Amino acid sequence: MLYQGDAIRVEVQDGGIALLTLDLKDEAINKLSSSVIGELSLAVDALEAESGLKGLIVASAKDVFIVGADITEFHAMFAKDEAFLVDMNTRIHALFNRIEDLPFPTVTALNGLALGGGCELSLTTDFRVMAETAQIGLPETKLGIVPGWGGCVRLPRLIGADNAIEWIAGGSQNDAETAFKVGAVDDVVPQEKLMAAARDILDKANAGDFDYRARRTEKGSPLKLNAVEQMMAFETAKGYVAGKAGPHYPAPIEAIRVIQKGAGEGRERAQAIEAQAFAKLAKTDVCYNLVGLFMNDQAVKKKAKQYEKSAGTVAQAAVLGAGIMGGGIAYQSAYKGTPILMKDIKPEAIELGLKEARKLLTKQLERGKLSQTKLAEVLSNIRPTLSYGDFDHVDLVVEAVVENPKIKSAVLAEVEANVSEETILASNTSTISIDRLAADLKRPENFCGMHFFNPVHRMPLVEVIRGARTSDAAVAATVAYARQMGKTPIVVNDCPGFLVNRVLFPYFGGFSGLVEHGVDFERADKIMERFGWPMGPAYLLDVVGIDTAVHASEVMAEGFPDRMAHEGKSAIQIMLDNQRLGQKNGKGFYAYEEDKKGKPKKVHDDEAHRLVAEVVRETRELSDDEVIARMMVPLCMETVRCLEDGIVGSPAEADMALIYGIGFPPFRGGALRYIDAMGVAEFVAVAERLADELGALYAPTVRLREMAASGERFYPDASDR
Ligand SMILES: NC(=O)c1ccc[n+]([C@@H]2O[C@H](COP(=O)([O-])OP(=O)(O)OC[C@H]3O[C@@H](n4cnc5c(N)ncnc54)[C@H](O)[C@@H]3O)[C@@H](O)[C@H]2O)c1
């Protein structure tokens with residue numbers, strides 16, 4: 001044994017081949033935390049000191065190779081100043097360069113996931129062999145940084161600037177076939193042959209069949225591109241990537257700049273450019289928030305996994321109602337491999353539900369993402385029915401019939417009589433209290449809410465709503481089923497609007513108030529889209545459906561009359577009065593035309609503006625910032641209330657629910673992170689000012705005022721920034 005640490009060991013095999021194995025103690029995965037990097041340095045010392053070595057294999061003893069750097073260290077690390085960060089990465093560059101310069105051929109055996117720093121470590125060796133099932137990529141730009149351990153330097157020299165830009169700016173995870181095609185790896189073999197293949201490459205390099213020194217020269221030299229090629233590769237990519245990433249995500253473009261600036265340089269100078277850019281980006285709010293988002297996502301998934309532990313698998317599901325939501329739920333369940341019965345009362349509804357599933361599958365088939373066999377398999381997982389015939393074998397039923405409490409209660413009672421005593425019932429209601437629906441059930445403990453978002457196949461969130469009588473087992477089973485469907489479940493307690501709609505409707509309330517103060521709704525949309533929302537409030541209302549929105553806002557007003565009741569007619573109500581239901585009937589705040597692909601495209605409509613003019617009470621000149629505050633403060637305040645009332649368990653879950661459920665701008669990290677970023681005291685001051693003028697919708701809670709006074713935050717980790 002040449003070296004043995006808690007994460008790394010180095011031993012010498014027959015023929016003088018050193019094997020460096022990553023096997024982080026007490027963890028299921030390998031990650032390059034600061035302590036692992038420390039061990040790597042000692043391991044390299046040992047390799048350099050040993051004479052007579054003929055080669056090095058870098059490998060992993062886990063299912064993954066290395067998932068990357070330890071992201072949980074980022075916030076504290078990035079709180080240090082830029083010079084510290086440059087120095088930190090320069091040291092890692094020096095360490096990685098020492099691996100690259102070892103006096104014998106080197107190879108990495110990529111057995112599983114090799115991301116970020118893991119991928120970068122593998123780029124230091126002369127060769128890479130990859131298992132067929134492994135994946136490789138540099139996802140750093142998704143965290144608001146650029147690869148900082150040589151990825152921006154070595155990858156373009158290895159696979160060409162254009163491919164490297166695609167990998168780095170897109171942050172994609174690439175399979176073995178793709179990696180081999182572009183030349184990122186030298187061989188792809190079945191998992192069990194990986195070590196033999198690695199050994200074989202070293203033998204060939206030592207025999208002179210492979211020129212490993214030429215590899216090193218290539219990786220350490222300027223990029224081979226003439227001026228025209230450079231221009232094509234970099235400028236075209238910048239235009240494309242800027243369009244895709246949008247103005248709020250600077251990292252992908254910065255990555256291209258780093259590759260471009262380093263293109264004419266040798267290894268060390270190009271690495272210095274990378275280190276500078278990394279440090280600069282690591283200090284941005286966007287990076288801070290995206291790293292926070294990653295950690296929140298992990299926290300939410302961990303919670304779901306805990307629930308899952310106590311639940312069995314849902315082997316057979318059923319959905320009641322084959323409408324927009326029922327059809328979507330059936331498709332998603334079937335697609336992810338859980339067979340589902342789809343029951344409706346009308347044959348034509350079932351036909352529509354199946355047609356929708358077929359349409360989604362055909363699209364995937366056309367894009368080459370799905371085979372004909374898989375398509376047939378998915379469709380055979382959906383069993384349409386008009387009766388409760390086979391319901392006695394169902395583990396979980398999702399109720400997705402029309403949003404009418406009487407009908408829902410009747411349907412739930414009916415299904416309860418047709419299923420086993422263990423079957424879990426979950427309602428996809430958006431507005432009806434889970435406790436109210438539970439009241440007429442014989443086994444209310446087996447009942448909870450399972451709130452999907454439209455379109456089901458695309459929206460990642462599922463709110464799992466625990467009623468007062470819901471059992472832990474019912475929550476666990478519903479969480480497990482949501483995860484089987486590939487969704488992110490977040491468990492919340494019952495209240496009007498649950499979490500997401502309870503928070504969204506005060507935002508619409510803020511919007512209505514703005515319209516009444518003469519703010520043009522198209523302007524409000526543009527401001528909020530620039531702020532980072534995928535669509536502005538008027539457009540979102542059209543997409544949700546004006547009738548649905550009016551109904552939900554009535555429920556919210558009844559639930560929270562002090563702040564959500566609306567005096568007089570709102571602009572949304574005026575739309576409904578005039579049968580402008582939004583996208584679904586082609587007119588709402590906008591008119592809708594079909595674009596070339598047959599998708600609805602919004603256009604300005606004079607008539608909508610004329611109608612809205614009726615609700616304008618007084619015209620005020622409001623700045624863009626004021627417009628933002630008047631919508632964001634109610635949304636954020638209601639999120640705070642949901643946390644204080646115990647509707648949601650933690651800031652992480654609240655923020656992730658908003659990002660996954662309504663498209664809250666991810667780079668802002670969520671409503672509570674947004675308050676933290678602004679400063680709780682500053683937020684409270686703005687809220688108080690608006691509350692004085694506009695009323696209870698804006699009023700901060702007592703607890704939030706206390707937080708402001710004591711300097712508390714929702715995310716204490718931010719306090720060292
Ligand atoms: N559409 C959305 O954006 C959305 C989002 C989240 C939740 N929801 C909720 O999902 C539920 C369904 O909404 P939708 O938009 O799919 O409605 P929809 O009108 O498209 O579909 C409802 C379906 O239920 C069927 N149905 C009625 N009574 C039935 C019964 N007794 N047994 C079986 N089927 C019956 C109808 O025939 C119809 O096919 C509602 O509770 C709604 O609030 C909707």
Side-chain angles (χ1 to χ4, degrees), residues 318-332 340-357 382-389 391 394 397-419 425-434 436-437 447-465 482 485 487 489 492 496-502 504-505 535 540-556 581-585 588 657 660-663:
V319 63
L320 304 177
I324 302 174
M325 297 306 284
I329 292 163
Y331 162 83
Q332 188 66 24
I340 186 161
L341 286 161
M342 180 169 73
K343 182 186 177 303
D344 205 292
I345 43 173
K346 298 185 211 142
E348 60 274 22
I350 287 193
E351 224 7 85
L352 265 177
L354 283 175
K355 200 171 139 196
E356 189 57 27
I382 306 178
R383 200 140 45 93
T385 177
L386 291 167
S387 79
Y388 286 111
F391 271 58
V394 170
V397 182
V398 184
E399 172 279 307
V401 306
V402 283
E403 188 73 352
N404 173 316
K406 275 199 191 125
I407 297 182
K408 279 202 194 286
S409 287
V411 167
L412 284 167
E414 196 177 88
V415 69
E416 192 181 43
N418 282 283
V419 293
L425 305 184
S427 175
N428 181 41
T429 178
S430 350
T431 54
I432 308 167
S433 153
I434 294 305
R436 173 173 172 186
L437 289 174
F447 176 66
C448 65
M450 188 176 195
H451 188 212
F452 288 86
F453 293 78
N454 188 18
V456 175
H457 67 282
R458 209 170 291 145
M459 300 298 285
L461 179 68
V462 171
E463 271 181 293
V464 174
I465 302 115
M485 289 173 83
K487 299 294 171 194
V492 300
F498 315 130
L499 170 66
V500 170
N501 281 336
R502 176 166 160 187
L504 179 62
F505 277 81
M535 47 184 97
L540 179 58
L541 282 160
D542 275 359
V543 171
V544 167
I546 299 292
D547 48 347
T548 306
V550 166
H551 171 68
S553 61
E554 282 164 5
V555 172
M556 302 309 296
L581 305 185
Q583 223 172 44
K584 66 172 87 160
N585 77 343
Y660 286 153
I662 50 174

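Because only heavy atoms are used, hydrogens play no part in the values below, and waters and symmetry mates are left out as well, while side chains stay in. Just follow the structure's listing: the first ligand is 1, and inside any ligand the first atom is 1. Bear in mind that the values here come from a model prediction, so they are computed numbers and not experimental data.
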Checking the side chain of [X] only, and the main-chain atoms of [Y] only, is there a donor and an acceptor separated by less than 3.5 Å?
| X | Y | answer |
| --- | --- | --- |
| Asp344 | Ile350 | no |
| Ser409 | Lys406 | no |
| Lys343 | Ser387 | no |

| message | In the structure I gave you, are the side-chain heavy atoms of Met485 and Ile329 within less than 4.5 Å of one another anywhere? | response | yes
| said: Within the structure provided, determine whether Ile662 and Leu540 are in side-chain contact (heavy-atom separation under 4.5 Å). | reply: no
| note | The protein residues that pass the under-4.0 Å heavy-atom test against ligand 1 are Gly321, Ala322, Gly323, Ile324, Met325, Lys343, Asp344, Ile345, Lys346, Ala349, Ala400, Val401, Val402, Glu403, Lys408, Val411, Asn428, Thr429, Ser430, His451, Phe452, Asn454
| task | Using the side chain to side chain donor-acceptor pair (under 3.5 Å) rule, collect all pairs that involve residues 451-464, keeping only residues at least two apart or in two chains. | result | His451-Glu463
